[in-house]
Each structure stands twice: as C-alpha cells, then as structure tokens.
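Below you'll find the structure, written out as structure tokens, and then a few comments.
Quick caveat, the model's predicted, so the values are computed rather than measured.
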Amino acid sequence: MPEETYTSKSKKPQGYWNDKDNLIYEAKEFIRLHPGEKFTRKNLNKLGYSSLGQYLAKKIGWKEALDMLGLRLARKPKNYWSDEQNLCREALSYVEEHGEENFSKDRMVDLNFSPLANAIASYWGWDEARKKLNIKTPDFGIKPQGFWKEKANIHSEARAFINTHGAKKFNVEDMRELGYTSLSGAIRIKNFGQRFVQKTT
C-alpha cells in the first residue's frame with residue numbers, strides 16, 4: 001500500500017520526518033482522523049503510515065512518544081500480573097493488536113509493554129506462554145537438509161545472530177525467544193562449549 005500523509009497525499013519534503021515536532025503533529029493528526037484505530041505500529045503500517053511509526057521509534061522512542069501523546073498504559077493495580085486470567089487476557093489482546101510475530105520480550109519492550117513482558121517471563125516463561133496461548137514459535141533457522149551438521153554453517157549463523165541481536169542475546173533462552181530454535185539446538189547437539197562461544201563472539 002503506498003504511503004499517504006494525514007494532511008496531504010503529497011510526499012513530505014526531505015528531512016521532514018527528522019523533526020520531532022512534525023512527528024508529534026502527524027501522530028496527533030492520525031489520532032484525530034482515525035478515532036477508531038488504536039495507535040500501534042501495526043495499525044500505522046496497515047493503514048500505510050509506516051514512516052510515522054518508523055521515525056517515532058527512531059527519533060523519539062515509542063515509549064516517550066506515547067507519553068507525549070498521553071497514550072501510556074495506565075499502571076495496573078497491585079498483584080494484577082499475578083492473576084493468570086489477567087495475564088492471559090492482556091497477552092491475547094497484545095497478539096490481536098501486534099501479531100504473533102511480535103510476541104517476544106524485545107518487541108514488547110519496544111512497543112511499551114514491558115510490564116506484560118516481565119510478567120510472562122516470571123509467571124510462565126516464553127515457551128510455556130506460547131504453548132498456553134497456542135502461539136507458534138517462529139523459527140528463522142529453517143535450512144536445507146544437512147545444513148546444521150556442518151560446523152562452518154553453525155559458526156556463520158551464530159556470527160550473523162550476534163551481529164543482529166548482540167552478544168548478550170547469544171544464549172539458549174534468548175535464541176529460542178527470538179525464534180532461532182534451530183541454531184540453539186544445533187549448538188546444543190554438537191555440544192559446543194565456551195570456547196565456541198568465545199571464538200564466535
């Protein structure tokens with residue numbers, strides 16, 4: 001879908017999206033013109049306004065932008081996240097708004113759902129949460145037959161993972177959460193130890 005702007009369908013001038021005032025103005029216009037749509041990255045993309053979502057996250061930060069727009073989620077009452085019914089309801093609502101592909105700790109934090117992400121991690125764990133909510137675990141590591149038997153391939157994929165997600169995420173739990181179950185499984189099956197990790201990083 002071609003992108004349009006809220007005040008005009010013409011293309012914005014160079015540098016327009018780098019101005020924070022312009023971003024907040026356009027965000028407010030979106031909210032005014034689309035009162036029935038929740039202000040989420042998914043909805044911005046769906047309606048053809050991906051530049052606004054992209055630059056809000058890049059130039060301001062999604063959390064701060066929501067603060068500036070008065071859209072931050074209200075603080076939940078004490079022990080709210082200890083109730084499994086609340087957790088299920090909030091998690092399913094999140095998936096409905098943002099999609100299963102964004103059901104991970106990193107994406108929830110990016111989208112200003114840190115309390116939900118923390119509650120899922122502490123109450124269920126991500127694998128158990130996906131099972132309970134019937135959410136398929138993504139796997140970005142599907143390769144041709146025999147691929148994961150080659151040590152060189154595993155090294156290459158591990159380096160690519162680190163370049164994308166950082167060395168701190170190079171552990172089984174984070175790999176599985178981010179959808180790299182094949183890579184984490186190959187490392188485990190090959191029984192690569194700390195020397196492999198040090199060499200890769």
Side-chain angles (χ1 to χ4, degrees), residues 6 20-140 164-166 168-181 184:
Y6 314 120
K20 293 183 179 180
D21 289 338
N22 290 339
L23 291 171
I24 296 301
Y25 170 76
E26 295 289 349
K28 289 179 178 179
E29 282 296 287
F30 176 89
I31 294 168
R32 181 179 69 84
L33 295 172
H34 300 275
E37 296 287 349
K38 292 185 178 181
F39 193 76
T40 65
R41 286 286 294 273
K42 182 179 181 180
N43 278 345
L44 291 176
N45 292 338
K46 180 181 71 175
L47 294 170
Y49 305 126
S50 57
S51 289
L52 176 59
Q54 176 186 346
Y55 280 92
L56 278 173
K58 182 179 179 181
K59 297 297 181 179
I60 299 177
W62 199 253
K63 181 178 179 180
E64 185 177 346
L66 292 176
D67 275 337
M68 296 171 72
L69 295 167
L71 298 175
R72 282 291 301 279
L73 298 177
R75 184 181 294 274
K76 302 297 185 183
K78 187 177 181 181
N79 297 323
Y80 179 87
W81 295 113
S82 298
D83 187 314
E84 188 173 37
Q85 288 187 342
N86 291 337
L87 194 53
C88 283
R89 182 173 61 253
E90 295 286 348
L92 290 172
S93 176
Y94 173 90
V95 171
E96 183 179 356
E97 288 185 28
H98 300 285
E100 291 188 6
E101 67 275 13
N102 288 311
F103 191 77
S104 70
K105 182 178 179 180
D106 283 354
R107 293 301 295 139
M108 284 189 183
V109 171
D110 288 344
L111 294 168
N112 195 39
F113 286 81
S114 296
L116 175 59
N118 293 335
I120 288 173
S122 63
Y123 194 94
W124 288 321
W126 290 95
D127 284 344
E128 183 62 27
R130 288 191 176 95
K131 291 177 183 177
K132 190 168 189 66
L133 301 172
N134 197 28
I135 296 173
K136 185 178 179 181
T137 301
D139 192 344
F140 302 116
T164 301
H165 300 284
K168 289 185 178 180
K169 298 288 185 181
F170 193 67
N171 59 74
V172 171
E173 181 178 352
D174 283 327
M175 284 183 190
R176 295 182 67 179
E177 178 190 326
L178 291 167
Y180 290 79
T181 52
S184 65

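Looking at residues two or more places apart in sequence or on another chain, you find a salt bridge (Lys or Arg N to Asp or Glu O under 4.0 Å) between Lys169 and Asp106. Met68 is linked by a side chain to side chain contact (heavy atoms under 4.5 Å, CB included) to Ile24, Ile60, Glu64, counting only residues two or more places apart in sequence or in another chain. Among residues two or more places apart in sequence or in another chain, the side chain to side chain contact (heavy atoms under 4.5 Å, CB included) test is passed with Glu128 by Trp124, Lys131. Applying the side chain to side chain donor-acceptor pair (under 3.5 Å) criterion to Asn22, with sequence neighbours excluded, gives no partner residue.
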- With side-chain contact (heavy atoms from CB on, under 4.5 Å) as the test, would you mind laying out the steps for Trp81 and Tyr123 before giving the verdict? CA-CA 8 Å; Trp81 295 113; Tyr123 194 94; over 6 Å; no
- Message: Is there a side-chain contact (heavy atoms from CB on, under 4.5 Å) between Asp174 and Tyr180? Walk through the geometry before answering.
- Response: CA-CA 9 Å; Asp174 283 327; Tyr180 290 79; over 6 Å; no
- Could you give me the CA-CA distance, side-chain angles and deciding distance for Asn102 and Arg41, then say whether side-chain contact (heavy atoms from CB on, under 4.5 Å) is met? CA-CA 11 Å; Asn102 288 311; Arg41 286 286 294 273; over 6 Å; no
- Could you check Phe30 against Leu69 for side-chain contact (heavy atoms from CB on, under 4.5 Å), going step by step and ending with a plain yes or no? CA-CA 11 Å; Phe30 176 89; Leu69 295 167; over 6 Å; no
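Judged by distance alone, the side chain of Tyr49 and the main-chain N or O of Ala27 form no donor-acceptor pair under 3.5 Å.
Screening residues 47-58 for salt bridge (Lys or Arg N to Asp or Glu O under 4.0 Å) gives no qualifying pairs among residues at least two apart or on separate chains. Within the structure, the salt bridge (Lys or Arg N to Asp or Glu O under 4.0 Å) test picks out the following pairs touching residues 83-96 (sequence neighbours left out): Lys76-Glu90, Glu84-Lys132.
Within 6.0 Å of atom NZ in Lys42, more than 12 heavy atoms from other residues, nucleotides or ligands are found, so the atom counts as buried in its surroundings.
Side chains of Ile120 and Met108 form a contact here, defined as non-hydrogen atoms less than 4.5 Å apart. When side chains are defined from C-beta on, Thr40 does not count as touching Asn45, because their heavy atoms never get closer than 4.5 Å.
Between atom CG of residue Leu44 and atom CD of residue Gln54 there is a gap of 11.5 Å, rounded to the nearest 0.5 Å.
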